[in-house]
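Below is one structure, written out as structure tokens, with a few remarks after it.
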Amino acid sequence: MLWGDKPYNSLNYHLKKHFGKKIAKISIDGGFNCPNRDGKAGFGGCIFCSEKGSGDFAEDRSLMIKNQIEKGKSQTSKKWKDASYLAYFQSFTNTYAPVFELREKYYSALECENICGIAIATRPDCLPEDVLDLLEELNSKTYMWVELGFQTSKENTAEFINRCYKNDVFEKAVYELKKRNIPVVVHTIFGLPNETKEDMLNTVKYVTSLGIDGIKLQLLHVLSNSKLYAYYNNNLFPILSQDEYTDLVIEALELIPENVVIHRLTGDGSRENLVEPLWSLDKRGTLNLIHKKMRERNSYQGKNLKNL
């Protein structure tokens, strides 16, 4: 089974099918904070999160939204000359502000030339009713998805990484978004300390059982500008090898329903801050290894759903 040239339903395939052309994301820093940093939910943020709120490749938050987009377009157009763009609000928690401020920033992005949609990364505990209403309004006018940082379904791990919300909060957020027909993408992390392969695959089973629309499979990065770095120095927990990670990704893909869009199979760590795993700097090599192994094993997305 193939989606274009890949044995899984990739984001690139999905967007080309929807828009009929190449769509690129421009990562934006909307200038927001996080309730897990300012004390509303917790302090210090999730331990794996960088100082830039996991938006290390986003544009400069000191620039206006429109200027960030123009800068991103000028850089991206060198690679894809005829692409259109999604405005991706990536850094920190992008629904954590009064609705009037969210509205102004979202629409400022959507009003830019050649922007065909919007993606909003946030926390499940930052979706009050008025924000949900705004997201529903946006969804009626443009292509969009809401991306929820979840990482793991194992409650003990969630507490350890200082996620500062329980699984039932995530379930409610997915329910409220889906009730409004808003596409939901979920971010997961493989390789968190003290998690087994079964734990990681259980996370994938759990989130897909809720009817999500897309998923990001991300390996754990130990960054020098994160709290995880200090823990790693004192504990030296096992880091997944490239072989272990790629095998795990393939097992996960075989458990994911065919309609779920695969937004990511690996991740980008800031080269200047990445401590482990250094093999992840070779992103293209990692993706090529996943594809090679899948061909050899006649593997494809959803292959083992019938065995659940």
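- The salt bridge (charged side-chain N to carboxylate O under 4.0 Å, His left out) test applied to Asp130 returns no partner, not counting sequence neighbours.
- If you look at Phe237 and Tyr232, their ring centroids are closer than 6.0 Å.
- For the residue pair Glu147/Thr122, the side-chain donor-acceptor check at 3.5 Å is not satisfied.
- Lys303 contributes a side-chain N or O that, together with a main-chain N or O of Asn298, makes up a donor-acceptor pair within less than 3.5 Å.
- For residues 108-140, no pair satisfies ring-ring contact (aromatic ring centres under 6.0 Å, His included), with sequence neighbours left out.
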Run Tyr8 and His291 through side chain to side chain donor-acceptor pair (under 3.5 Å) and show every step you take.
CA-CA 10 Å; Tyr8 54 86; His291 299 156; 2.7 Å; yes

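- For residues 100-135, the ring-ring contact (aromatic ring centres under 6.0 Å, His included) pairs, not counting sequence neighbours, are Phe89-Tyr106.
- Side chain of Asn94 to backbone of Ala121: a donor-acceptor contact under 3.5 angstrom is found.
- The aromatic ring centres of Trp3 and His14 sit 6.0 Å or more apart.
- Under the rule for a ring pair (Phe, Tyr, Trp, His ring centres under 6.0 Å), Phe32 has no partner lying at least two apart in sequence or in another chain.
- In this view, Lys166 satisfies the side-chain hydrogen bond (donor to acceptor under 3.5 Å, both in side chains) rule with no residue, not counting sequence neighbours.
- Residues Lys22 and Asn12 bring a donor and an acceptor atom of their side chains to less than 3.5 Å of each other.
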Go through it in stages, so that I can follow the logic: the residues are Thr286 and Gln242, the test is side chain to side chain donor-acceptor pair (under 3.5 Å), and I'd like the CA-CA distance, side-chain angles, deciding distance and then a yes or no.
CA-CA 7 Å; Thr286 301; Gln242 189 181 49; 3.1 Å; yes

Where do Thr93 and Asn33 land on the side chain to side chain contact (heavy atoms under 4.5 Å, CB included) test, with the steps shown first?
CA-CA 6 Å; Thr93 304; Asn33 200 346; over 6 Å; no

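- Residues passing the side chain to side chain contact (heavy atoms under 4.5 Å, CB included) test with Glu113 are Lys73, sequence neighbours excluded.
- Not a single side chain to side chain contact (heavy atoms under 4.5 Å, CB included) links Lys81 to another residue, sequence neighbours left out.
- Of the options Thr203, Asp199, Val204, Val207, a side chain to side chain contact (heavy atoms under 4.5 Å, CB included) to Ser153 is made by Thr203 and by none of the others.
- Shown here are the ring pair (Phe, Tyr, Trp, His ring centres under 6.0 Å) partners of Phe19, two or more places apart in sequence or in another chain: Tyr143.
- Once rounded to the nearest 0.5 Å, the distance linking CD1 of Ile120 with CG of Leu148 reads 11.0 Å.
- Within the 4.5 Å cutoff, no side-chain heavy atoms of Pro193 are placed close to those of Asn235.
- With a 4.5 Å cut-off on side-chain heavy atoms, Glu111 and Lys66 count as touching.
- In this view, His221 satisfies the ring pair (Phe, Tyr, Trp, His ring centres under 6.0 Å) rule with no residue, not counting sequence neighbours.
- Here Glu101 pairs with Lys105 under the salt bridge (charged side-chain N to carboxylate O under 4.0 Å, His left out) rule; sequence neighbours left out.
- For the ring pair (Phe, Tyr, Trp, His ring centres under 6.0 Å) test, no residue two or more places apart in sequence or in another chain qualifies with Tyr96.
- With a 4.5 Å cut-off between side-chain heavy atoms of Ile, Leu, Val, Met, Phe, Trp and Tyr, the cluster of Tyr88 takes in none.
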